[in-house]
Amino acid sequence: MTTSETVAERFTERQKMALSALACLLTALVAAPLSGLLDLANMVMPFLLTVLLVAVSLGRNPAVLAAVLSVLLFDIFFVPPRFSLAVSNLQYLITFAVMLATALITGHLAASLKEQVRAAERREQRTRALYQIAGKLAGALNGEQVSEIVQQFAGDELAATCHLQLDETSRPSPPWFDALPAQRAHDSRQRVGDAAAGDTFYLPLVAPMRVRGILAMHFPGERRGLVAEDLSLLDALASLTAIAVERLHYVEVAQSSELQMATERLRSSILSALSHDLRTPLTVLVGLADSLFLIKPALPGAALDTAGALRDQAARLAGLVTNLLEMARLNAGSVRLRQEWQPVEEVIGSSLKLLGAALGQHRVKVDLPADLPLLRFDAVLIERVLCNLLENAAKYSPEHGEIGIVVRPVGSMVEIAVCDRGPGFADAAGRQVFEMFVRGQPESDKPGTGLGLAICHAIVEAHGGSMRLDNRPDGGACVIFALPQGVPPVLEAELP
Amino acid sequence: MTTVLPNVLLIEDEPQIRRFVRLAVEAEGCAVVEAGSIAEGLSAAGRAEPDLVILDLGLPDGNGIDFIRALRAWSGRPILILSARAAEHDKIDALDAGADDYLTKPFGVGELRARLRALLRRSERPAAAASPLLAFGNVLIDLAQRQVTRAGAAVHLTPIEYRLLAMLVSHPGQVLTQRKLLRDIWGPTYVESSHYLRVYVGHLRQKLEDDPTQPRHFLTETGVGYRFQP
């Protein structure tokens with residue numbers, strides 16, 4: 001088959017016709033000497049054989065020519081009267097008709113068989129090429145490589161140039177690229193381009209999740225129009241490319257989330273190292289100042305006063321460091337809430353116990369309805385919120401001033417208010433105090449950094465709650481935070 | 001003095017912290033053996049047979065929890081944890097591994113001495129703890145009769161409330177983790193259902209505390225567990 005194929009491809013259509021005619025003449029010449037020896041019916045056979053060979057080796061049109069020529073030559077050289085087109089016996093006309101029909105049908109069958117074989121070979125070759133490109137695309141590490149592989153394939157298999165336009169990245173497009181049909185292909189998820197006469201085609205890269213871009217194909221020069229086979233090849237190429245592009249996209253997503261996790265781990269390990277390094281000297285300071293009281297014989301009163309002051313300042317510094325580290329952890333996003341369903345009165349109680357002496361002379365009044373539902377929150381963080389708010393309240397309240405904690409369900413939230421009898425907020429409606437290092441009373445003589453409320457706000461927001469300020473009509477300030485109620489878990493009743 | 005001084009093993013890598021902790025421990029009338037690492041601590045524990053161990057969790061040669069596990073293999077002596085870490089799970093892990101109490105750095109000498117006294121008292125107690133009667137505030141518990149009275153009046157407790165009360169009061173001053181309480185009272189399938197524990201502690205406070213919102217006996221160790229303070 002390969003020899004005939006090369007024969008078929010080596011000659012132009014006209015040369016093939018000439019070859020066909022030559023073959024018929026040769027057959028006539030070879031057969032002529034035998035005309036007396038054999039039956040006329042047998043003389044038909046070499047001609048039919050010739051038509052068959054011509055059909056197989058040269059294709060359909062030369063076969064038709066050979067069929068017609070064979071009938072003519074047979075008539076001229078072999079049918080009496082010889083060397084004329086005239087026919088002595090009319091029944092030879094039937095011979096001619098059958099001979100022509102047989103030749104045409106044989107030629108047609110042979111030629112189409114050969115075409116099918118060639119088509120099958122071409123398909124096989126393309127399938128192989130598609131396999132190869134699929135393998136190459138599977139190994140591509142970035143969009144640039146995908147583009148190169150597709151371009152090489154387009155050049156080798158289709159004699160076309162192509163342009164890969166991905167949604168995520170933009171690269172300069174060639175002059176033949178037209179954005180309008182490209183957009184149409186992208187939106188409709190359909191191939192755009194005139195299969196019969198167009199020279200440019202736009203194929204959407206339809207991946208499993210979404211359209212990832214456009215593959216534009218340009219067939220330069222005289223080659224115009226595509227057959228169904230080419231179109232299906234283009235579609236296959238587009239879907240292979242789409243899958244490769246989507247795979248790269250997810251590889252990128254996975255890599256960036258891994259990077260993010262590593263960054264988070266680093267942040268939290270730096271913070272915990274920092275926490276350790278800051279707390280250790282503070283622990284030493286507090287402890288050593290305290291242990292001055294243990295020395296025997298006892299130090300003079302003035303020295304003990306100094307030791308006490310040292311201890312208190314170191315303890316304050318420790319509180320400040322805790323707040324700063326907490327804020328850093330909240331800002332770094334490395335805080336995972338350990339939310340559990342629990343009664344809010346418990347965390348109020350533990351905050352009051354924790355503050356203990358820090359509340360000094362202030363009486364704390366807790367106002368709680370009896371049938372409060374369980375709330376879902378991180379007890380450690382909400383305890384920090386309450387401690388900060390209570391410390392603030394104690395700081396700004398006059399001596400012996402009452403501090404109130406009021407809990408009320410309001411709609412789908414539960415509001416917890418911490419109120420004092422201090423000067424109130426200069427701008428209760430403003431939200432600036434929730435920013436870091438902004439204080440409610442800017443000119444206050446009380447020590448403070450303006451960090452406490454910012455931390456409270458960040459913690460409450462992380463719980464899906466909200467925070468606001470209020471001034472009491474009869475004097476004093478309230479900080480109110482609300483936590484969502486949610487649906488508490490059912491408690492199995494205990495058997496009596 | 002004929003009695004032998006209680007022996008305290010102090011494992012802490014920071015010398016300045018060792019210095020003031022030693023002063024505080026000696027002020028409680030104890031002898032101190034110091035160690036700077038887990039390895040040193042283990043060999044000192046084997047040699048000195050301490051009555052109490054004070055342990056820093058962050059040591060140069062490993063996590064203090066490894067020391068607790070190793071020590072608990074052969075000794076039931078009380079362990080007090082010093083933790084510089086803010087994360088609660090370190091304390092929980094240490095308590096679950098067998099530690100008895102913890103202090104978060106920075107801590108005052110007064111706090112440290114109070115914890116020392118409570119732990120030393122407990123380690124002496126077992127021989128004397130024969131009485132089924134237990135009193136705190138105006139509450140009297142008769143563990144033999146399973147009866148609880150408050151200011152002379154009988155208090156009705158459900159079986160679970162009573163079990164919880166009995167478990168808490170039998171570990172006075174000691175932190176019991178949520179996990180341990182849930183597992184021992186409700187069973188292993190309830191370990192993640194912490195709301196049961198919180199609701200029942202609330203019941204006990206309602207029935208036995210003067211001011212349930214500011215309890216004096218059933219104390220919350222936020223994020224860790226509960227402590228009964230007689």
Side-chain angles (χ1 to χ4, degrees), chain A residues 271-272 275-296 311 314-315 317-319 321-322 325-326 329 338 340-343 345-354 364 366 368 374 376 378-384 405 488-489 491-492 494-496, chain B residues 13-24 26-27 56 58 82-89 103-113 158-161 178 186 190 192-202 205-206 209 211-216 218-224 226:
Chain A
L271 276 172
S272 85
S275 160
H276 180 267
D277 289 358
L278 285 171
R279 273 171 214 260
T280 301
L282 284 169
T283 309
V284 173
L285 263 179
V286 172
L288 286 179
D290 248 2
S291 62
L292 288 176
F293 290 88
L294 300 176
I295 291 177
K296 285 185 181 140
R311 183 208 186 282
L317 191 57
V321 164
T322 306
L325 288 172
E326 200 71 45
R329 285 208 311 145
R338 282 185 53 224
E340 287 175 354
W341 291 99
Q342 48 201 311
E345 63 257 35
E346 180 162 65
V347 73
I348 292 175
S350 66
S351 307
L352 291 173
K353 168 97 178 121
L354 199 68
V364 179
V366 183
L368 264 170
L374 298 183
R376 188 161 177 267
D378 183 321
V380 175
L381 291 178
I382 294 298
E383 186 181 84
R384 174 138 296 279
I405 301 177
L491 221 62
E492 282 170 39
E494 189 184 344
L495 296 173
Chain B
D13 56 324
E14 174 62 42
Q16 294 299 336
I17 294 181
R18 283 215 299 264
R19 201 173 123 195
F20 82 78
V21 172
R22 167 187 272 276
L23 282 172
E26 284 172 350
D56 180 26
L82 306 179
S83 168
R85 305 181 199 180
E88 262 59 34
H89 64 84
L103 277 172
T104 305
K105 294 179 185 176
F107 51 87
V109 167
E111 252 178 308
L112 173 62
R113 290 177 66 178
T158 69
I160 289 186
E161 285 168 5
Q178 277 186 25
W186 279 270
Y190 284 78
E192 301 301 324
S193 311
S194 64
H195 54 284
Y196 277 89
L197 177 59
R198 299 186 198 268
V199 168
Y200 275 85
V201 170
R205 285 175 178 154
Q206 293 286 347
E209 291 274 6
D211 180 356
T213 59
Q214 298 189 44
R216 290 178 47 227
F218 301 100
L219 305 180
T220 309
E221 293 289 327
T222 306
V224 178
Y226 291 95

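Sequence lines set the chain letters: A, B, ... in the order given, protein chains first and strands last, and positions in each chain run from 1.
To the nearest 0.5 Å, the span separating OG1 on B/Thr220 from CG on A/Leu354 amounts to 11.0 Å. Between B/Leu23 atom CG and A/Ile295 atom CD1 the span is 7.0 Å, to the nearest 0.5 Å. Once rounded to the nearest 0.5 Å, the distance linking CG of A/Leu278 with NZ of B/Lys105 reads 13.0 Å.
With a threshold of 4.5 angstrom between heavy atoms, B/Glu14 approaches chain A through side-chain atoms but not through N, CA, C or O. Heavy atoms of A/Gln342 lying under 4.5 Å from chain B belong to its backbone as well as its side chain. Residue contact with chain A, scored on non-hydrogen atoms closer than 4.5 Å, involves the side chain of B/Ala27 exclusively. At a 4.5 Å heavy-atom cutoff, the contact between A/Leu368 and chain B is made by side-chain atoms alone. At a 4.5 Å heavy-atom cutoff, B/Arg22 makes no contact with chain A through either its backbone or its side chain. Using a 4.5 Å cut-off between heavy atoms, B/Val201 contacts chain A through its side chain alone, with no backbone atom that close. For chain A, the nearby part of B/Gln178 is the side chain; its heavy atoms alone come within less than 4.5 Å. A/Leu374 touches chain B through its side chain: at least one heavy atom from C-beta onward sits under 4.5 Å away, while N, CA, C and O do not. Interface residue B/Leu219: only side-chain heavy atoms are found under 4.5 Å from chain A. Only the side chain of B/Tyr226 has a heavy atom closer than 4.5 Å to any heavy atom of chain A.
Residues A/Arg311 and B/Gly108 come closest through the heavy atom pair NH2-CA, 3.5 Å. Smallest separation of non-hydrogen atoms from A/Val286 and B/Pro106: CG2-CB, 4.2 Å. Across all their heavy atoms, A/Gly287 and B/Val109 have their closest contact at O-CG2, 3.6 Å. B/Arg113 and A/Leu294 get closest at one heavy-atom pair: NH1-CD2, 3.0 Å.
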Practice task
Evaluate side-chain contact (heavy atoms from CB on, under 4.5 Å) for A/Thr280 paired with B/Ile17, printing each intermediate quantity in order.
Solution key: CA-CA 8 Å; A/Thr280 301; B/Ile17 294 181; 4.0 Å; yes

Practice task
Please step through side-chain contact (heavy atoms from CB on, under 4.5 Å) for the pair B/His89 and A/Arg338, ending with a clear verdict.
Solution key: CA-CA 11 Å; B/His89 64 84; A/Arg338 282 185 53 224; 5.9 Å; no

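Electrostatic pairing of A/Glu345 and B/Arg205 does not count as a salt bridge here, judged by no charged N lying under 4.0 Å from a carboxylate O.
Per-residue heavy-atom pair counts under 4.5 Å with chain B were compared for A/Leu282, A/Leu352, A/Leu491, A/Val366, and the maximum is reached by A/Leu491. When the candidates A/Lys353, A/Glu346, A/Glu340 are compared by the number of heavy-atom contacts under 4.5 Å with chain B, A/Glu346 comes out ahead.
In this view, B/Phe107 and B/Phe20 satisfy the ring pair (Phe, Tyr, Trp, His ring centres under 6.0 Å) rule, not counting sequence neighbours.
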